[in-house]
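Report on the following structure.
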Amino acid sequence: MELPCDGAGICMACKNKPPDEETLNCKTCATPWHATCLVSPPQELSDTLQWECPDCSMINQPSASAFSSGRSEEAGDLIASIRRIEDDKSLTEQEKAKKRQELLSGAAAGPSTSDCEEKKEKNDVLDILDKELTCSFCMQMLDRPVTTPCGHNFCLKCFQRWIGQGKRTCAFCRVQIPPKMASQPRINSTLVIAIRMARMSRSSIAGGAPKVYHFVHNQNRPDKAYTTERAKRAGKANACSGKIFVTVPPDHFGPIPAENDPERNMGVLVGEKWEDRLACRQWGAHLPHVAGIAGQSTHGSQSVALSGGYIDDEDHGEWFLYTGSGGRDLSGNKRTNKDQSFDQKFDKMNEALRVSCLKGYPVRVVRSHKEKRSSYAPETGVRYDGVYRIEKCWRKNGIQGFKVCRYLFVRCDNEPAPWTSDVQGDRPRPLPVIKELKNAIDTTERKGSPSWDYDEEKSCWMWKKPPPVSKKRVADGVDPEDGKVIRTIKRQRQNVSVREKLLKEFSCQICRKVMVSPITTPCAHNFCKACLEAAFAGQSFTRQRGQGRRSLRVQKNVMKCPSCIIDIAEFLQNPQIFLVGEPGADGCNRITTTASGGGKGGRKLRRV
DNA sequence: GGGCCCGCAGGG
DNA sequence: CCCTGCGGGCCC
């Protein structure tokens with residue numbers, strides 16, 4: 001029996017992680033497979049784009065029923081059938097709609113190419129809808145379905161109630177539920193689509209084609225991020241962004257419409273997913289590739305990312321509580337830091353969010369798989385979940401003991417959220433009751449009417465006041481003739497100078513200059529003697545100008561290495577100082593002796 | 001799984 | 001120009 005790759009991308013057949021060029025994604029279920037482990041891999045490159053995995057291509061053979069663990073097999077069959085209809089180029093949209101409807105209602109189908117196949121699907125569909133798409137607790141159509149490894153489906157809320165009662169077995173078959181599933185249930189997005197399609201099909205009026213949801217496959221993906229000469233590290237850790245595919249300016253507010261998507265003419269759809277933040281950026285959903293908030297303090301915030309970076313965040317899907325940025329010590333060249341060490345203020349990006357709150361702008365929201373505590377986060381990658389409005393913001397004492405900026409986001413999108421089985425988008429909803437507001441300070445609420453609001457007549461969310469005028473240009477290199485985007489190539493850095501190499505190798509972690517009276521800690525960090533002494537006298541240091549390096553801030557009365565958390569109190573009793581020559585003519589110190597500095601694999605002084 | 005490192009992008 | 005940042009890869 002052939003096996004796909006598991007959730008971590010490991011081939012379940014050979015137990016290895018296949019490289020990208022050996023990974024095939026099924027066009028129907030999007031599951032990755034290891035090409036070299038397949039009995040009959042596709043022969044032509046072009047075949048790989050339309051490749052269907054063994055599970056999906058033999059979906060009606062009982063021996064090949066495994067769709068993938070944790071999913072409803074029958075729902076998988078249903079989706080596969082629906083997608084086969086979608087992919088049939090010989091059908092018009094109306095014919096497709098009719099076929100879908102027949103499939104889902106079990107009505108008589110027209111002449112078929114495969115009688116056996118269709119007969120099974122027809123007869124099973126009602127059963128599937130009755131059994132598989134019904135929650136065993138509430139006996140209703142599944143709402144935010146979660147699926148146990150034993151293959152049983154429950155509403156998220158029902159499941160959580162069950163777990164809350166201390167139960168740890170499947171309510172249906174009594175098989176043990178893994179601790180991870182119990183503590184962090186994730187919504188089964190495949191089932192969501194199945195339920196939604198069933199509903200659309202039932203409610204669709206004859207003649208009007210129901211809305212078709214788009215499934216994004218890898219082959220539609222754009223050029224990837226790339227690495228410069230300077231960024232020596234492998235892969236995308238230090239990559240430049242690939243081209244931006246949408247023609248909206250970086251300060252565009254709201255959904256990205258089809259007319260700004262010259263590549264596909266679809267716009268960015270709710271539920272679209274990307275491998276990582278760099279790919280997400282390329283489609284304009286959220287531009288910064290590290291920061292969680294996109295925006296300008298004078299203009300407003302266009303988008304946010306929920307990635308589990310801040311402990312105070314609280315996700316309820318249609319609404320969530322977001323934490324502002326800052327309050328963290330980023331010394332030591334860090335980009336993020338789990339620990340908060342000072343209060344957040346309403347400035348910079350936090351102020352940008354506050355502006356969007358006051359004006360009632362729509363804020364795009366992406367959720368990342370890195371948010372482990374939310375049931376609404378995707379299993380992998382980064383997903384666009386539509387626009388939200390910030391209804392209130394305030395400050396509170398955060399979990400880590402410092403003040404944090406807080407924002408109440410409430411969904412206001414015309415497309416349904418990726419986790420809901422609703423066919424419709426959002427309606428205005430009452431604000432949730434937020435307990436922490438009792439102890440909030442600096443609370444801000446919108447006074448006037450919001451710019452982005454629900455129109456009762458048109459039954460949709462829209463700009464009720466003109467959107468803010470863009471102050472920026474569309475992504476660099478967009479050809480005004482055809483709107484095609486030309487990738488911009490970053491200027492690459494020339495050879496690194498000897499001086500820079502020296503600085504890198506022998507610089508003090510505090511002053512960033514070549515060390516004077518160097519001391520290497522047991523944890524292998526290098527400092528000037530004076531800097532280290534001053535560090536523990538409670539002084540703080542700012543970086544040297546012009547080198548693109550970071551400030552190091554040290555805490556008073558803490559005997560930890562300024563570059564890491566190792567306690568060096570004992571070492572400081574008797575630090576060893578190495579010999580260093582006088583400054584040279586260029587002002588750069590000459591290292592003249594060899595010495596061992598202790599610590600594993602650290603930078604050690606060498607003769608030059 | 002956690003620590004560490006660093007180029008990049010964008011705000012101000 | 002300097003500062004900041006809810007990444008991502010690698011090493012342990």
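Source: prediction; values computed, not measured. Each chain gets a letter, A, B and so on, in the order the sequences are listed, and its residues count up from 1.
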Fill in the blank from the handout: Comparing nearest nucleotides in DNA chain B, the 5'-proximal residue of the pair A:Thr298, A:Thr336 is A:Thr336
Fill in the blank from the handout: The nucleotide from C:dC6, C:dG9, B:dG11 with an atom nearest the side chain of A:Tyr310 is C:dC6
Handout entry: Interatomic distance, A:His289 NE2 vs B:dC8 P [rounded to whole Å]
Key = 9 Å
Exercise for the section: Figure out the CD/P separation between A:Gln302 and B:dG11, and round it to whole Å. Expected result: 8 Å
Fill in the blank from the handout: Atom CG of A:Asp329 and atom P of C:dT4 are separated, to the nearest Å, by 10 Å
Problem - Distance test, side-chain N/O of A:Lys472 to OP1/OP2 of B:dG11, below 4.0 Å - result: yes
Exercise for the section: Look at A:Arg395 together with A:Glu436 and state whether they make a salt bridge at an N to O cut-off of under 4.0 Å. Expected result: no
Fill in the blank from the handout: note: A:Arg277, atom CZ; B:dC8, atom C1'; distance rounded to Å ~ 13 Å
Exercise for the section: Determine the contact category for A:Thr323: base if any of its heavy atoms lies under 4.0 Å from a base atom, sugar-phosphate if only primed atoms, P, OP1 or OP2 are that close, otherwise nothing. Expected result: base
Handout entry: Short side-chain N/O contact from A:Ser297 to OP1 or OP2 of B:dG11, under 4.0 Å
Key = no
Practice task
Measure the distance from CG on A:Asp339 to P on B:dG3 and round it to the nearest whole Å.
Solution key: 9 Å
Exercise for the section: Identify the nucleotide, in any strand shown, that forms a Watson-Crick or G-U wobble pair with C:dC6, with both distances under 3.5 Å; if there is none, say none. Expected result: none
Exercise for the section: Please work out if A:Ala352 contacts a base, only the sugar-phosphate, or nothing of the nucleic acid, heavy-atom cut-off 4.0 Å. Expected result: nothing
Problem - Which nucleotide in C:dC6, C:dG8, B:dG12 has an atom nearest any side-chain atom of A:Asp276 - result: C:dG8
Practice task
Fit a plane to each ring of A:Tyr407 and A:Tyr322, take the angle between them on a 0 to 90° scale, and name the class: parallel (under 30°), tilted (30 to 60°) or perpendicular (over 60°).
Solution key: tilted
Practice task
Pick base, sugar-phosphate or nothing for A:Lys338, based on heavy-atom distances below 4.0 Å to the nucleic acid.
Solution key: sugar-phosphate
Exercise for the section: On the 0 to 90° scale, with breaks at 30° and 60°, tag the A:Phe253-A:Tyr361 ring pair as parallel, tilted or perpendicular. Expected result: tilted
Problem - Short side-chain N/O contact to B:dC6 OP1/OP2 from A:Asn333, under 4.0 Å - result: yes
Completion exercise
Taking C:dC6, B:dC6, B:dA9 as options, the one with an atom nearest any side-chain atom of A:Arg328 is C:dC6
Practice task
Please work out if A:Leu306 contacts a base, only the sugar-phosphate, or nothing of the nucleic acid, heavy-atom cut-off 4.0 Å.
Solution key: base
Handout entry: Sugar-phosphate only, base, or nothing, as touched by A:Asp313 at under 4.0 Å among non-hydrogen atoms
Key = base
Handout entry: Electrostatic pair A:Arg373-A:Asp315, nearest N-O below 4.0 angstrom
Key = no
Handout entry: For atom CG of A:Asn350 and atom P of B:dG12, their distance in whole Å
Key = 11 Å
Problem - Test: A:Lys396 and A:Asp312 ion pair at under 4.0 Å - result: yes
Problem - Whole-Å distance separating the CD atom of A:Gln340 from the P atom of C:dG5 - result: 11 Å
Exercise for the section: May I have the distance from A:Tyr226 (atom OH) to B:dC8 (atom P), rounded to whole angstrom? Expected result: 8 Å
Practice task
Could you work out which one of C:dC6, B:dC8, C:dG8 sits closest to the side chain of A:Lys236?
Solution key: C:dG8
Handout entry: Given DNA chain C, 5'-ward residue of the pair A:Leu278 and A:Met349, judged by closest heavy atom
Key = A:Met349
Exercise for the section: Tell me whether the OP1 or OP2 atom of C:dT4 has a side-chain N or O from A:Ser325 closer than 4.0 Å. Expected result: no
Practice task
Would you indicate which nucleotide in C:dG7, C:dT4, B:dG11 comes nearest to any side-chain atom of A:Val290?
Solution key: C:dG7
Problem - A:Arg281 side chain, from C-beta outward: closest of C:dC6, C:dG8, B:dG10 - result: B:dG10
Practice task
Using a strict cut-off of less than 4.0 Å between a Lys/Arg side-chain nitrogen and an Asp/Glu carboxylate oxygen, indicate whether A:Asp251 and A:Lys472 qualify as a salt bridge.
Solution key: no
